[in-house]
Structures are given as structure tokens and as C-alpha cells.
> 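A single structure is presented below for examination.
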Amino acid sequence: MTVDRSEECDDCEDETPHSVTIEMRAEGASTFSREPYRVAECLECGCETTWRMNNA
């Protein structure tokens with residue numbers, strides 16, 4: 001699922017439109033260990049930021 005919303009962009013130093021998705025990413029050497037990440041891409045400059053959603 002992709003959501004378009006306005007967020008602060010560190011590169012643009014302003015609030016800009018972003019495309020936000022949730023992705024399951026493998027961590028380390030094990031392909032069985034997957035964690036959800038929030039991925040936000042600035043639609044102005046293309047800067048991408050990710051946040052691990054499960055900080056266990």
C-alpha cells in the first residue's frame with residue numbers, strides 16, 4: 001500500500017509531498033528474519049528515509 005502525504009524533508013529543508021510505503025525487509029544473513037520498515041520518499045528530490053517499525 002502506498003500513501004501520498006506531506007512530511008518534512010531533511011534535504012529540501014521544507015515540508016514536501018512524500019510517497020510512504022511499508023516494506024518487509026530481511027535483516028542479517030537469515031532470509032527468515034524479516035522486519036517491517038516504513039519507507040518515505042520525497043517526491044521533490046527523491047530522498048528516501050526508512051524507519052524500522054519493530055524495535056524489539
Side-chain angles (χ1 to χ4, degrees):
M1 178 171 90
T2 302
V3 177
D4 291 334
R5 54 178 283 142
S6 291
E7 293 190 3
E8 189 71 25
C9 177
D10 291 338
D11 286 359
C12 295
E13 298 180 347
D14 198 9
E15 190 168 295
T16 58
H18 282 68
S19 176
V20 179
T21 58
I22 304 298
E23 297 178 3
M24 297 300 289
R25 294 187 175 186
E27 293 185 334
S30 175
T31 58
F32 298 107
S33 175
R34 295 173 20 128
E35 297 292 335
Y37 280 79
R38 181 184 187 276
V39 181
E41 180 182 359
C42 178
L43 299 177
E44 296 288 324
C45 71
C47 175
E48 182 177 283
T49 54
T50 60
W51 295 274
R52 183 177 182 210
M53 296 182 67
N54 183 7
N55 288 328

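Start at 1 with the first residue, then count along the sequence.
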> Looking at every heavy atom in both Thr50 and Glu48, which two are closest together, and how far apart are they?
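Closest approach of Thr50 to Glu48: CG2-OE2, 4.1 Å.
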
> How far does CG of Asp11 sit from CD of Glu13, to the nearest 0.5 angstrom?
8.5 Å

> Quick check: closest heavy atoms across Ser6 and Glu15, and the distance to 0.1 Å?
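Reported closest heavy-atom pair: CB-OE2, 3.5 Å.
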
> Are the side chains of Thr16 and Leu43 in touch, meaning some heavy atoms are under 4.5 Å apart?
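Counting from C-beta outward, Thr16 and Leu43 never come under 4.5 Å.
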
> Arg52 and Glu23: salt bridge (Lys or Arg N to Asp or Glu O under 4.0 Å), yes or no, with the steps?
CA-CA 10 Å; Arg52 183 177 182 210; Glu23 297 178 3; over 6 Å; no

> Answer whether the closest heavy-atom distance between the side chains of Glu41 and Cys47 falls below 4.5 Å.
no

> Mind checking whether Met53 and Ile22 have side chains closer than 4.5 Å, heavy atoms only?
yes

> If you define the side chain from C-beta out and look only at heavy atoms, does anything of Pro17 sit under 4.5 Å from Arg5?
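No - every pair of side-chain heavy atoms lies 4.5 Å or more apart.
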
> Carefully, step by step, assess Thr49 and Arg38 under the rule side-chain contact (heavy atoms from CB on, under 4.5 Å).
CA-CA 8 Å; Thr49 54; Arg38 181 184 187 276; 5.6 Å; no

> Taking all atoms of both residues into account, what is the closest heavy-atom pair of Met24 and Arg34, and its distance?
CB-NH2, 3.1 Å

